[in-house]
Amino acid sequence: MAAEVARRRSFAIVSHPDAGKTTLTEKFLLYGGAVHLAGSVKARRNQRSTTSDWLELEQKRGISISSTVLQFEYNGHRINLLDTPGHQDFSEDTYRVLTAVDAAIMVLDAGKGIEDQTLKLFEVCRHRGVPIFTFINKMDRPAREPLDLLDELERVLSINAYPVNWPLGAGKEFKGVWDRHTKMAHLFERVPGGAYRSPEFTGSLADPLIREKLDPQTYETVCEEVEMLEGAGTTFNAEDVLHAKTTPVYFGSALNNFGVELLLDGFLEHSTPPTPRQSMDGATIEPHHPSFSGFVFKIQANMDPQHRDRVAFVRVVSGKFERNMAVTHVQSGKKMRLSNANKIFGSDRETVEEAYPGDVVGIVGKSGFSIGDTLTEDAAIRYDEIPYFAPECFSYIESPEPVQFKRFRTGLEQLLQEGVMQGYELVNATRATPLLGAAGPLQFEIVQYRLKAEYGADSRLEAAPWTVTRWIDPTVEAARLKAPHGVRLAHDRLQRLVVLCESPWALRYFAEQNEGVQLSSLPF
Ligand code: G4P
């Protein structure tokens, strides 16, 4: 058990769309031996039959909506890579996946630096305190100065940025990286399409062969930069990485495989095996706790249109999971047997006989599970891992066809339970139309699509004006609060009071009008 836990790493790659997350994922699979020719994941995606093509909608739009869990072996490690949906309109799914990981790799485009979604996802990782590794990708394209990028990381994210390696050139002159620990330069050769491992040449900067391969200007700049790094006197502090105070930074090009292996090796060395979690009674549940326990962090319904089933993705926290084992579903108090457990790689399924902390198991066909629920052999354990995230868009939804109303209600209720979006109720509402909140507008489209495809119910959306949500100190009563123009009070599904604001300005005004009332972007 101890050995199985120690060799596991469960993480997600977070990035702004187009920074290179899919490419890097694929290169990890290539270096891990899980795919033999890079390009196959994407090519299959283009053939519309692959990894996360679970929803027809997803195929139509050619984007990845559902998360996938990829498991592969690398140098004796068992790696669980939880894929986060990457699209402009990202959803709460993306956030939730981050509750199930022990570390994250943040991918930046070297030409762009930190972008909007990188920042949001980083904040969620930091909130959870997981170690964050940074990969500065696309060094083969015109890139910003490495120092400028590091400075931005420190300024915008308030985290120490420790460059583990340093780029040898940029753009067309990008040849590889210099490793600060071994003081060795790694030069790579480009291979057609980056389809297989790039041949690598290693030597010290003084090595004439290295010098020969770099153009004189790049060589000179690199020597100066390396001297400066050495002179800066900062040392690598592994503890600071584990406590998310420092992010180790790696440079490279995922497309060309430059620096991918160094990143993966560095990540495996310095990230953490599966971590303990808090049970709601305050007990710390260590991975080697004798009883199996885990929590549902994602539910995907109707993944297989032929079977119309539901898959609950469970992150194993402690103990050994065995197929057919009897567990308690803590929220309902029911005892059940987990016979239909699967490993899911896109649309392919494989039965899981056993799983260890850090692994993700897909339980097929059980209804009654909600996001955040605990499954365990020891009914005293109960996790509270899934936070609600403040929605940034709202919409009313109604059924235009009275004959379909029952189906509409049933479908909406199930989608709410699944957590596709959040339901809100305005205080002193003047209409009974359900109000939905989501992290991105794409989620409303998914709701409409699924209501129609799975429940046969048409629906009509009407955009609501709020863009900023804050939870209000639970000791405060709604009647005591002043709600100026542009602001409404509401309750979430758990009857917690929130304020919905039309703009950040309206939120500031609300805060001024209600001085001393605590507000939070996560529930109290
Ligand atoms: P994402 O999942 O973060 O959205 O990004 P993805 O990997 O899909 O990469 C976005 C685009 O950037 C792709 O090009 C990809 O080939 C390119 N890219 C990724 N890494 C690198 C890199 O290191 N260097 C360069 N030059 N490009 C990189 P695309 O044209 O949108 O797609 P495709 O036609 O190449 O598949």
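Indexing begins at 1, ligand by ligand and atom by atom, following the structure's order. Small disclaimer: the values here were computed from a predicted structure and weren't measured.
Checked by distance only, ligand 1 and Gly252 stay at 3.5 Å or farther apart across all their nitrogen or oxygen atoms. Checked against a 3.5 angstrom limit, the closest N/O atoms of Arg141 and ligand 1 fall outside it. The shortest N or O to N or O distance between Ser253 and ligand 1 is below 3.5 Å. The N/O atoms of Pro17, backbone and side chain alike, include none that comes under 3.5 Å of an N/O atom in ligand 1. Taking any N or O of Ala254, backbone or side chain, at least one lies under 3.5 Å from an N or O belonging to ligand 1.
Within the structure, side-chain hydrogen bond (donor to acceptor under 3.5 Å, both in side chains) pairs that include any residue of residues 223-233 comprise Trp166-Glu225, Lys183-Glu230 (at least two apart or interchain).
The proximity of Thr23 to ligand 1, defined as any non-hydrogen pair under 4.0 Å, involves the side chain as well as the backbone. Contacts between Asn137 and ligand 1 below 4.0 angstrom, taking non-hydrogen atoms only, involve the side chain exclusively.
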> Between Arg8 and His77, is a side chain to side chain contact (heavy atoms under 4.5 Å, CB included) present by the stated rule, with each step listed?
Replying inline: CA-CA 6 Å; Arg8 273 170 169 71; His77 286 286; over 6 Å; no
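Taking the six-membered ring for Trp and the full ring otherwise, Phe394 and Tyr424 have centroids separated by under 6.0 Å. In this structure, the ring of Phe188 has its center less than 6.0 angstrom from the ring center of Phe258.
Annotation: Arg141, atom CZ; neighbour count of heavy atoms from other residues, nucleotides and ligands within 6.0 Å does not exceed 12.
Within the 4.0 Å heavy-atom cutoff, Asn256 does not count among the residues contacting ligand 1.
Close contacts of ligand 1 with Lys21, meaning ligand atoms under 4.0 Å from a residue heavy atom, involve 1 (P), 2 (O), 3 (O), 5 (O), 7 (O).
A salt bridge links Arg144 with Glu152: the closest approach of a Lys/Arg side-chain nitrogen to an acidic carboxylate oxygen falls below 4.0 angstrom.
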